[in-house]
Protein chains: 2
Amino acid sequence: MSEREPKPGRPPRAVDVAAAAEVSTATVSRVFNNPEKVAPAIRERVLAAAKAMGWMPHAAGSALARRRSSIVGAVIPTLDNEVFAAQVGAMQAAFAERGITLLLSCFNYNQDQAVHDVQAMLARGVEALAIVGEAHRPELFASIQARHIPYVVTYSHRPGSPHACVGFDNRQAFHTIARHLLDLGHETIGVIIQPTAGNDRVAARLDGVRAALAERGLGVRPQHLREGEWSIDFGRQSVRAILATDPVPTAVICGNDYLAVGALLEARAMGLSVPRDLSITGFDDIAISRQLDPPLTTMHVDNHEIGRRAADYLLACLEGERPAAMPPLVPTLIRRGTAAAPDLPARPA
Amino acid sequence: MSEREPKPGRPPRAVDVAAAAEVSTATVSRVFNNPEKVAPAIRERVLAAAKAMGWMPHAAGSALARRRSSIVGAVIPTLDNEVFAAQVGAMQAAFAERGITLLLSCFNYNQDQAVHDVQAMLARGVEALAIVGEAHRPELFASIQARHIPYVVTYSHRPGSPHACVGFDNRQAFHTIARHLLDLGHETIGVIIQPTAGNDRVAARLDGVRAALAERGLGVRPQHLREGEWSIDFGRQSVRAILATDPVPTAVICGNDYLAVGALLEARAMGLSVPRDLSITGFDDIAISRQLDPPLTTMHVDNHEIGRRAADYLLACLEGERPAAMPPLVPTLIRRGTAAAPDLPARPA
DNA sequence: TTGTAGGCGTTATCAC
DNA sequence: GTGATAACGCCTACAA
């Protein structure tokens with residue numbers, strides 16, 4: 001019909017659609033942004049023309065004119081941990097519903113990388129930012145604040161943090177776990193944990209354990225503390241090392257489920273009975289944890305919920321609301337099969 | 001110094017930097033895009049001014065003028081499978097090195113969603129696209145081709161596919177697995193697999209198994225074929241169901257490692273000895289597979305490599321090259337502990 | 001309800 | 001080596 005490609009081989013522009021539909025570019029724009037403001041007949045004509053030539057508003061031009069990019073950024077340590085993958089997946093879905101696309105970047109636990117990533121995203125004009133953890137270089141938050149865009153920190157919820165947070169109190173959570181083991185009667189407890197340097201969440205976890213033990217007059221002996229990359233393999237080698245110390249712990253608290261899975265598998269491979277000979281706890285409740293034999297006692301964190309809440313918070317900010325501070329999520333202790341009372345030799349009466 | 005914020009509370013623009021450095025905006029632009037074309041002294045002045053006011057080129061404006069968005073899109077089923085998470089992580093890293101940011105979207109195995117996601121990305125001006133699988137609605141590829149942007153299909157490598165692919169031959173891979181079991185002496189083989197509808201990769205896998213069996217005059221009995229969501233739980237319930245059939249298979253081929261892990265754990269929970277009573281194979285070689293007891297026999301796929309190659313291919317296209325078709329990756333059979341010769345009753349002589 | 005026209009921030013093409 | 005200036009594609013007052 002009234003359809004003419006202007007410069008073939010080149011994506012169509014609004015003017016082309018306007019010409020085809022015999023209207024102005026303003027009307028074309030309105031059809032796509034405020035459809036109710038244009039007469040139905042014309043609207044159809046424009047829509048038809050646009051469809052015929054496969055036109056859709058060009059994001060860069062639109063972003064420039066509108067001064068909105070409809071892009072938000074997510075900055076996470078790595079996708080190789082199902083915890084962060086789940087969070088990102090949920091955020092992506094929540095944003096997609098509102099026509100917002102997600103820019104992703106992984107800083108691999110490297111603080112300089114994180115600063116760099118954030119600045120790159122800022123340059124891309126992200127309208128909001130979600131960042132895992134708050135242990136970042138000051139300039140990271142400074143550059144965000146200089147742009148006056150909303151942001152949220154996930155997985156942390158330190159009381160008194162200056163940032164909007166969606167997460168839980170890591171210290172409290174590990175206090176709970178440690179308390180659980182103490183209540184079962186354990187007194188010699190080992191810890192296998194991720195590197196604490198530059199990771200506020202992990203540092204808080206170790207802190208929580210120490211606090212709980214201290215309340216009973218106990219502590220973590222240096223030889224019972226193993227710090228290293230969160231991997232099943234590190235869990236394995238750590239439990240082996242810890243079991244070779246004296247006194248031998250009756251329980252091991254792991255900084256996350258990957259470590260705990262390793263500890264559990266290795267302990268069993270060594271011929272130990274879990275939990276009789278050794279209690280083991282994890283954190284995160286990853287998919288495999290409930291499947292093992294015995295199933296892992298751990299704390300469940302709803303990562304999809306974290307992603308969703310982070311997205312909702314940012315979305316609200318973008319709508320101009322000033323959402324109230326969010327209460328922390330509370331991870332729940334999942335008592336499964338790897339933690340029980342220690343099998344201590346009967347004490348002389 | 002000669003530093004003046006023009007309209008405070010508003011991000012600085014190139015003109016502001018230009019004014020502060022007492023040069024033109026053209027020079028400011030050059031400093032950031034062709035530094036070698038500007039005198040060192042002036043360059044420093046501009047850099048200093050930019051730094052002082054925290055300016056960096058605005059992506060939307062730049063994209064418009066340059067006619068390049070420096071954005072590419074990745075379209076995957078879900079991040080909840082570590083296979084895709086790894087691929088995306090590797091792509092993101094490879095692109096980041098070249099100053100390209102990654103737009104992510106998950107279609108959750110829903111073809112309509114995939115079409116929608118791709119079109120949204122196109123509207124965002126992605127310069128290239130990586131898509132998992134080739135079983136998509138025709139309009140998905142049509143809209144990409146209409147834009148004349150490079151794209152690549154990952155995880156598929158069907159001989160004769162019209163698309164550039166980075167992946168492996170799923171049919172061939174499962175032919176290899178099935179052959180392995182046949183060579184061990186299995187004749188009654190069950191299959192637990194993801195939904196084949198709308199998933200070319202899975203359909204090809206089942207095909208490969210059938211072909212290998214057919215070559216020995218065998219087949220997959222209907223009661224031995226279980227098709228459902230890839231989850232550890234579905235693996236568990238399926239192995240239970242298959243073991244209740246007659247004749248009882250001596251081996252089960254699983255469509256991926258999640259299913260196989262479920263099958264293995266459930267078989268053991270039922271008191272079976274693996275592999276003596278039942279051989280089990282997986283596919284993907286996810287992190288947990290080698291850790292189980294016995295460790296899972298599976299095929300290893302280098303997902304990071306897939307992501308990296310996909311990124312390299314697209315990058316090359318963006319440089320104007322016309323890269324040759326890539327040879328398929330070849331997953332390698334990892335013989336671990338879950339596949340062995342069947343423990344058949346001795347046949348009468 | 002629709003059209004006109006200016007501007008969004010940067011880059012590229014020219015002159016100088 | 002540097003500076004005007006015209007795109008780039010779209011949106012939105014404002015005017016009609």
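Numbers restart at 1 for each chain; the letters A, B, ... are given by sequence-line order, proteins then strands. Values in this document were obtained by computation on a predicted structure and should not be read as measured data.
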Compute whether any side-chain donor of one residue and acceptor of the other, for B:S156 and B:E134, lie under 3.5 angstrom apart. no
Protein-nucleotides 7-10 of chain D N/O pairs under 3.5 Å:
from: D:dC8; atom 1: O2; to: B:A65; atom 2: N; distance (Å): 3.2
from: D:dG9; atom 1: N2; to: A:G61; atom 2: O; distance (Å): 3.1
from: D:dC10; atom 1: OP1; to: A:W55; atom 2: NE1; distance (Å): 2.9
from: D:dC10; atom 1: OP1; to: A:H58; atom 2: N; distance (Å): 3.2
from: D:dC10; atom 1: OP2; to: A:A14; atom 2: N; distance (Å): 2.5

Write out a two-atom table: protein N or O, nucleotide N or O from nucleotides 2-4 of chain C, distance below 3.5 Å.
from: C:dT2; atom 1: OP2; to: A:A39; atom 2: N; distance (Å): 2.8
from: C:dG3; atom 1: OP2; to: A:S24; atom 2: N; distance (Å): 3.1
from: C:dG3; atom 1: OP2; to: A:S24; atom 2: OG; distance (Å): 3.2
from: C:dG3; atom 1: OP2; to: A:T27; atom 2: OG1; distance (Å): 2.7
from: C:dG3; atom 1: N7; to: A:R30; atom 2: NH2; distance (Å): 2.9
from: C:dG3; atom 1: O6; to: A:R30; atom 2: NH1; distance (Å): 3.3

Rounded to whole angstrom units, what separation is found between the CG atom of B:N34 and the C1' atom of D:dT2? 14 Å
Aromatic plane relationship, B:F141 with B:H163 - under 30° parallel, 30 to 60° tilted, over 60° perpendicular: parallel
Quick one: do A:F84 and A:T154 satisfy side chain to side chain contact (heavy atoms under 4.5 Å, CB included)? Show the steps, please. CA-CA 10 Å; A:F84 302 126; A:T154 57; over 6 Å; no
Do the side chains of B:S143 and B:L122 get nearer than 4.5 Å, heavy atoms only? yes
Does any N or O in the side chain of A:N110 come within less than 3.5 Å of the main-chain N or O of A:Q113, such that one atom is a donor and the other an acceptor? yes
Tell me if the NE2 atom of B:H116 is crowded by more than 12 foreign heavy atoms within 6.0 Å. no
Step-by-step side chain to side chain contact (heavy atoms under 4.5 Å, CB included) determination, B:V17 to B:V31: CA-CA 11 Å; B:V17 176; B:V31 166; over 6 Å; no
Pairs flagged by salt bridge (charged side-chain N to carboxylate O under 4.0 Å, His left out) wherever residues 121-131 of chain A is involved - sequence neighbours left out: A:R68-A:E127
